[in-house]
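What follows is one structure encoded as structure tokens, with my remarks underneath.
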Amino acid sequence: VQKVAAKVFEAKKIAPKNYWVKIAYPEEHFEPGNMSQILASVAGNVFGMKAVDSLRLQDIQWTKKMVKSFPGPQFGINGVRKIFKEKKRPLMLSVPKPKVGMTTAEHKNIGWQIWTGGLDLLKDDENLTNQWFNPFYKRVAETLAIRDKAEKVTGDVKSYLINVTAPTVQEMEKSAKFVAKHGGEYVMIDICTGGWMAVSSLREICQDLGLAMHAHRAFHGSFTRIPAHGFSMLNLAKTVRLLGVDNLHIGTAGVGKLVGGAVEVKNIQDQITAETAKANSAEHSLEQNWYGTKPVFPVSSGGLHPIIVEDVLDRMGTNIMLQIGGGIHGHPKGSYAGAKAMREAVEAYMDGVHVDDAAKTSKELRQALEYWGHTRPR
């Protein structure tokens with residue numbers, strides 16, 4: 001018992017009844033490669049104890065043995081870029097709006113518009129799976145067929161992030177195999193509502209099928225956003241890097257509509273992309289050596305439109321993915337024009353041209369800027 005017991009080795013009092021505490025666990029405490037068991041130990045019943053008013057698990061520093069017990073991303077940033085034959089600019093994706101309620105015909109038409117308008121990926125949202133108004137198998141087959149046509153028209157690689165989150169692993173595997181059979185490169189999973197076992201299982205399935213994994217973090221705010229309690233977004237990001245997702249939504253570094261300031265989001269980005277991430281005292285994050293684990297492609301999403309592109313890329317760099325919803329489909333001339341405007345804004349940034357100057361030669365971008373102005377989401 002003593003051999004596998006945790007040891008408190010540092011406790012700093014910062015206010016009455018408030019402490020930052022560091023705890024070390026022997027590796028023998030855990031079953032390697034079993035994230036469900038590991039987090040049941042370090043983030044389990046302790047959160048429900050009457051003895052604590054609140055408790056926050058801010059970071060976990062993983063040992064080499066534990067890191068090596070997980071597969072990590074199959075593709076990572078470079079592998080995903082290779083799929084799209086795009087080495088430098090941010091990859092761009094969009095969810096049809098409204099998220100749910102569209103028929104299959106309406107959904108695939110949005111895909112056609114954004115693909116031919118210049119975006120790289122269509123994306124299911126977290127709550128679109130296999131509903132009667134847009135059934136999964138019909139949506140996948142018909143949308144990927146339209147994707148193939150868009151590739152021929154544009155000469156560019158296009159893809160579709162298909163939500164395979166399902167009630168059972170068996171159903172999820174069946175869905176993933178259908179995606180692969182119809183020429184898809186990607187599946188998506190709701191990592192929080194699906195659970196760690198589902199993410200691990202899908203990673204294994206995707207290895208066999210050669211599919212990349214996109215991670216949607218819906219539900220994370222229920223346990224990550226209160227600073228004094230819960231499980232941090234930093235921890236969530238590091239956890240799914242170990243489990244092996246290829247993309248992860250991490251926020252807009254303070255300029256979009258979702259919680260997550262510039263320092264926090266940049267720190268998360270560093271932790272999921274670096275080979276060795278440095279400790280960050282401001283975020284109470286620990287140094288982490290990833291021992292060759294591939295990096296996760298960070299996805300910036302939440303309230304983006306063309307005028308915000310410059311701010312996001314200044315803060316996060318260009319080695320990211322941009323997920324734009326209302327900033328595409330809210331364009332006064334529709335989704336095709338919205339996609340074209342966003343592509344023009346990103347290309348302008350890559351060329352060192354201010355978006356206002358680029359708008360002088362792009363009708364769609366000019367219309368977007370006139371419509372949204374220089375506003376930021378609250």
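Computed from a prediction, not measured in an experiment: that's the story for all the values here. One-based numbering along the sequence shown.
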Does any non-hydrogen side-chain atom of [Y] lie less than 4.5 Å from one of [X]?
X	Y	result
M321	L121	yes
T104	H107	no
V187	C206	yes
E10	V21	no
T103	N134	no
P298	I272	yes
I23	K7	no
N319	T273	no

Closer than 4.0 angstrom, basic N to acidic O: yes or no for [X] and [Y]?
X	Y	result
D120	R89	yes
R343	E364	no
D190	R217	no
K108	E142	yes
D311	R315	no
D124	R139	yes

Is the distance from the ring center of [X] to that of [Y] below 6.0 Å?
X	Y	answer
F47	H229	yes
Y160	Y186	no
H305	H331	no

Under a 4.5 Å side-chain heavy-atom rule over Ile, Leu, Val, Met, Phe, Trp and Tyr, are [X] and [Y] clustered together?
X	Y	result
L243	M188	no
F219	L57	yes
I324	F297	no
L209	L144	yes

Sidechain-backbone polar pair: [X] side chain, [Y] backbone, donor-acceptor under 3.5 Å:
X	Y	value
R225	S232	no
W290	Q271	yes
E287	A279	no
R81	E86	yes
Q288	K278	no
K238	I60	yes
N163	E126	yes
H29	V4	yes
S69	P32	no
K68	Y291	yes

Got a sec: does the [atom1] of [X] have more than 12 other heavy atoms crowding it under 6.0 Å?
X	atom1	answer
N127	CG	yes
D357	CG	yes
E27	CD	yes

Name of the residue among V296, I320, V265, L236 meeting side chain to side chain contact (heavy atoms under 4.5 Å, CB included) with I250 = V265
key: Residues that, via side-chain heavy atoms closer than 4.5 angstrom, fall in one hydrophobic cluster with F133   = V100, L128, W132
key: Which atom of D270 lies closest to which atom of A277, heavy atoms considered   = O-CB, 4.1 Å
inquiry  = As an exercise, state the distance from NE2 of H284 to NZ of K22, rounded to the nearest 0.5 Å.
reply    = 10.0 Å
ask   = Taking the six-membered ring of W115, is the NZ or CZ of R147 close enough (under 6.0 Å from the centre) and on axis enough (within 45°)?
value = no
